[in-house]
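Encoded as C-alpha cells, the structure appears first; notes follow it.
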Amino acid sequence: MALQFESSEVIDRPIDKVFHFYAVEHARNHPRWDSDIELWLDSDAPIGVGTVIRRRNKRSGTPVEGTMKVMEFEPNRVLAMEVHDGPAIMYGRTTFEAINENQTKITTIIDIPWMDENADKTFLNNRLAQVSQIRKQLMESEL
C-alpha cells in the first residue's frame, strides 16, 4: 500500500488570490516556500492540464532532476500533479475551498506509491508542516 500524507490549512485571503499564488504562479512560488526545490518552465504559456514543469530537488544533498506534470487544473478548485524525482514517482493534489470571502481552505494530499505505508513518516510530516507554514505566511503577507 502507498504512503499518503494529508495537510490542510486556512489562509486568510480570498480563494482567487490563493489559487493564483499557489497554482497559476506555481513554478515561481513553490521554491519560495520550499527552498530545496528549484522549478522552471520551458515556455511562457499559462499553466494548465498537460503543462510540464522542470524541477531539481536538493533535499538529499545530491540534486535530483525531475518533472511535475499538471494532471488537473480547475481554477479556484484543484491543482493535481504527477511528480517525477529521478526514477521515483509521486502524486500531489491540492484542493481549494472558500470558507468565506476572505478565507480559503487548502488541502494537499501526497501519494508516494513506492513507499510502504508503515515507513517512518516523521521527516516528511515535519517538512510538510514547515513548508505549509511558510506558504501561509507568504500568502497572507503578499496577497
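Residue numbers run from 1 in the order of the sequence given. Side-chain atoms are counted along with the backbone in the values below, which use heavy atoms only and exclude waters and symmetry mates.
Residues Val10 and Ile99 are in side-chain contact: their nearest non-hydrogen atoms beyond the backbone lie under 4.5 Å apart. The shortest side-chain heavy-atom distance between Val78 and Thr94 does not fall under the 4.5 Å cut-off. Proximity of Val64 to Arg56: side-chain heavy atoms (C-beta onward) are nowhere separated by under 4.5 Å.
Not counting sequence neighbours, Phe21 has no partner by the ring-ring contact (aromatic ring centres under 6.0 Å, His included) test. Listed by chain and residue number, Asp34, Asp36 satisfy the salt bridge (Lys or Arg N to Asp or Glu O under 4.0 Å) test with Arg59 (two or more places apart in sequence, or in another chain). With sequence neighbours left out, His30 forms a ring-ring contact (aromatic ring centres under 6.0 Å, His included) with His26, Trp33.
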What side-chain donor-acceptor pairs closer than 3.5 Å can you find for residues 40-47, not counting sequence neighbours?
{"residue": "Asp42", "atom": "OD2", "partner": "Arg54", "partner atom": "NE", "Å": "2.8"}
{"residue": "Asp42", "atom": "OD2", "partner": "Arg54", "partner atom": "NH2", "Å": "3.3"}
{"residue": "Ser43", "atom": "OG", "partner": "Ala45", "partner atom": "N", "Å": "3.1"}

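Annotation for Ile89: hydrophobic cluster partners, listed by chain and number, are Tyr91 (ILVMFWY side-chain heavy atoms under 4.5 Å, direct or chained). Listed by chain and number, the hydrophobic cluster partners of Met71 come to none, as no ILVMFWY side chain reaches under 4.5 Å of it.
Taking a cutoff of 4.0 Å between a charged side-chain nitrogen and a carboxylate oxygen, Glu140 and Arg13 do not qualify as a salt bridge. Residues Lys105 and Glu9 are not paired through a salt bridge, judged by the lack of any N-O separation under 4.0 Å between the basic side chain and the carboxylate. Salt bridge Glu6/Arg93: absent, no basic N to carboxylate O contact under 4.0 Å.
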